[in-house]
Each structure stands twice: as structure tokens, then as C-alpha cells.
2 protein chains.
Amino acid sequence: MFPEFATYIKAQANLSDHDIELIHSKAIEKKLRRKEFLLHQGEVCRYKIFISKGLIRTYATREQGSEHILRFSAENSWTTDPESFEFDTPSSLNIDAIEHSELVLWTKDDLRYLITNIPGLKTYFDKLMTSSGSLFRQRILSNISSTAEEKYEDFVKNYPEISARAPLHMVASYLGVTRKTLTRIRHAQVKGK
Amino acid sequence: MFPEFATYIKAQANLSDHDIELIHSKAIEKKLRRKEFLLHQGEVCRYKIFISKGLIRTYATREQGSEHILRFSAENSWTTDPESFEFDTPSSLNIDAIEHSELVLWTKDDLRYLITNIPGLKTYFDKLMTSSGSLFRQRILSNISSTAEEKYEDFVKNYPEISARAPLHMVASYLGVTRKTLTRIRHAQVKGK
DNA sequence: GTAGAAACGAGACAAATGTCCTCGCATCCG
DNA sequence: CGGATGCGAGGACATTTGTCTCGTTTCTAC
């Protein structure tokens, strides 16, 4: 788990072996089985989570129990509830595993310590934040301007891995449409060819 | 224009008079008449823009000329195209004025200089980024999980000022529905009472 | 390997939303 | 002051999307 992270972060940031050791010393490794939860809504999200293997979903639920996926996180990506993590408030989100997954976690205090003491890590997280902002804007634009079919096509194009691995009803939940709509779209595309 | 900004920023960040002067020395003031553009798609967005008075929209257009509003910015808020601003790439967004507006602008280089030399300003922008991320997540969640009526209600609740000042078809464009849908919702609400 | 659960597709119908059009009113500007 | 324009409303109809439900297939855990 940590070795995969080390490989990834070395490629993304300029870090010395000593830096890596320091980061390692604060890391918590964790395995999650399918459907196992890392965070239930109502709990405080105490960790920033790196996914070294597997597939994780971060989602909200509404009154009637419907689930709405805010983010999929596969290998070499991150998740957390930023608000709960930052302000120690109860989270409104759930995080669980779609596949058996392997994670590396850091607490807020440890992460803050690492970031202030490792400039290369700070640079990396700044980049990460910039690009996540950009993805947010793209997603909003797609949401307000595209048809369901375009949204689905964009999703498949941007996340071919995830669209192949996540069940269809979860993709629907991510896109904000029903399972039915998505099957219709797929059917139409097959016929269209 | 700058005085309004100074009042605002003093309330938001811990800055000395000297800091304010320094920020002032880099600021560019600009007035924009209704429908006047600050940025056309294809241009590079060279400024981070503070709105001291008026109402600004930031939007994308699609093939058929439809407009999709990414953000409204009224007094005491900011806008820019973050990607174009950051990387000097041609913007895909347009920025224009819904009302006669007064703005204060800074270039990227000047802003970077100010942020590195004024810690209080850095703290302020970090906070701003955090809260804008949080708003993005809320908006995405609303987009994928709410009915058009709920989206409209949320918008009115969260931005009563803007919903009163922006024309209905622009609110529709922000929410990702047609003007028609919005008038229907309003009509239904009136009847419902 | 097998039992149970999960995922998928689809039919029938209902509801929501979009498209295209016209109208009327207010406002703005020459 | 008068014509042009922007804006909101709404009728008529088409299209999209959702709901509910069922049966089949596929996957998974033991």
C-alpha cells in the first residue's frame, strides 16, 4: 500500500528519500472490502485518503434513501470530505468501497506537519487543488449544458477505467440520471451504430 | 472602486495600512456598462477581478449559441477564468456585465507578488479557495440530486440578492433548465399558496 | 459448486421538460 | 415621443426522463 503510494508520489513531486520516509512515518495503511465503509455520514472525517488499489465512492444520501455520487476514486487518487476534514464537523457524506481496496491515510495534523515541512509536497497539493477545481468547473458546465447522452459520453471518455469498473446504476447516480435513462442511451447507441 | 474593496478586505483579512497601500498600488480600476464585456472567449484572461459594485456573469457558450452561466458575481465577490488566468491559455469563457458595474483588477504577476509579500492576503485567498470548493461541491450535489424546483428554491435561498436582480432567463441558464421550466415552477408556486 | 444477492434490461405508463411560437408590457434610446 | 428591444408569460405539442415492476443474467461469498 505505501509502496504504491511512494511510486506514485515520486513521479508527481520532487521529494527526497528522507521526505518519503517522513511521509511514511505518519501514514496509516488500511484495507477495505467491497461495501465496507470508511466513513458514515454523521461521523467526522479524520483522514485524507489515498487509494493505492481498488475503487472508492464518496456519496450523499437524501431523504428517501437515494444515493448521489460526488466522486469516484480509483488507484492513484484521493478522497475525503473536505469540509468535515477541515473543520471537524460531522460529515454529510459516506465513503465506501466498490471493489476491494487498499488505502493510505493521514490525519489532518500529520498532513499539516508534512506539508509545512516538505515544500515539494506542498507544491504537489497546490497543483492537485488547482486541477480539482478545474474538474469541478467542467462537471458543473457539463451538468447545466449537456444532454444525458453527452454527459455519459464525456464520462466514458474522461474516465474509461471507472466507467468499465463501476456498476451502471452508480454511473447513473454520478451523472444525476436514472439507471433507466442510461440503459436507454446505451441501447440507442448500439442501434445507432 | 478601490475604497469599497479596501473596506471589504479589511473586514475579511488582517492587513496593515501599509499592506492596503501596496495592494492599491497594483490595482486597476474599471467601469463596465451593461452588456459590456470584460473577457471574450478566445482571449487570455489576464486579471483576477473584484466586483465593488454591480453584477457580473461568467459563462460559456455552446455550438448553437446557447449560454451557460458558471457564476454570478455581485458586490464583494470575485471572478476570473482560473485556467486561462493561471496558464495563459485562451479562455473558453465570457465575462460581461448584467448591470453597470465597477471593478478592481490585478494581473497575475502583481497578485502573486502581493500574496507572497502579504501573509494576511495569502490567508484570505486560502480561505476563499476553501469556501469556493465547498460551494462547487454543493452545486454539483444539487445538480445531480435535486428537481428543477428544488434547485430554484435553493438558489433563491442562497442568493436572494442575485435572484432578484438577474433576469429570469439567466437564472435558468445558471440552473441548467429552460426559461420555460422556470416560469412553470414559479407559476406552480404561486398557485400552491 | 451453489445459494443468495446484485446488476441489468425492458414494457407500460406518468410526469417533467424542451421547442416553437405568439403576445403584451415595460423600458430604453435616439 | 415613438419605434425598437428585452423580458416574461403561456398555449400546443414533441421529446425526454422518471417510476414501477418483473424476469433474466451475472457475480460473489462461502
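In what follows, every chain begins at residue 1, and chains take the letters A, B, ... in the order their sequences are listed. Predicted model only: the values in this text are computed from it and were never measured.
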Exercise. Under 4.0 Å between a side-chain N/O of His187(A) and OP1 or OP2 of dG9(C), yes or no?
Worked result: no
Seminar exercise, completed: Assert: residue with more 5' nearest nucleotide on DNA chain C, out of Leu182(B) and Arg34(B), is Leu182(B)
Problem set entry | Nucleotide dT5(D), atom P - distance to NE2 of His169(B) in whole Å | 16 Å
Exercise. Quick one: the side chain of Arg179(B) and the base of dG18(C), do they pair up donor-acceptor inside 3.5 Å?
Worked result: no
For this session: Test for a donor-acceptor pair under 3.5 Å between the base of dA10(C) and the side chain of Lys180(A), counting only N and O atoms.
Result: yes
Exercise. Separation of Arg186(A) atom CZ from dT16(D) atom P, in whole Å?
Worked result: 19 Å
Seminar exercise, completed: Among the nucleotides dA29(D), dG10(D), dG8(D), whichever has the atom closest to the side chain of Pro167(B) is dG8(D)
Exercise. Are Thr58(B) and Thr79(B) linked by a side-chain donor-acceptor pair shorter than 3.5 Å?
Worked result: yes
Problem set entry | Closest-nucleotide 5' rank along DNA chain C - winner of Lys35(A) and Thr147(B) | Lys35(A)
For this session: With sequence neighbours excluded, tell me which residues meet salt bridge (Lys or Arg N to Asp or Glu O under 4.0 Å) with Glu29(B).
Result: none
Exercise. Do you know which two heavy atoms are closest between Trp106(A) and Ile23(A), and how far apart they sit?
Worked result: NE1-O, 3.2 Å
Exercise. Mapping Leu168(B) and Ala148(A) onto DNA chain D by nearest heavy atom, which one lands closer to the 5' end?
Worked result: Leu168(B)
Exercise. Under 4.0 Å: is that the gap between some side-chain N or O of Thr178(A) and OP1 or OP2 of dG18(D)?
Worked result: yes
Problem set entry | Side-chain donor/acceptor contact of Arg184(B) with base of dG18(C) under 3.5 Å | yes
For this session: Report yes if the side chains of Phe72(A) and Met170(A) come closer than 4.5 Å at any heavy-atom pair, otherwise no.
Result: yes
Exercise. Taking atom P of dA16(C) as reference, at what distance in whole Å does atom NZ of Lys151(B) sit?
Worked result: 14 Å
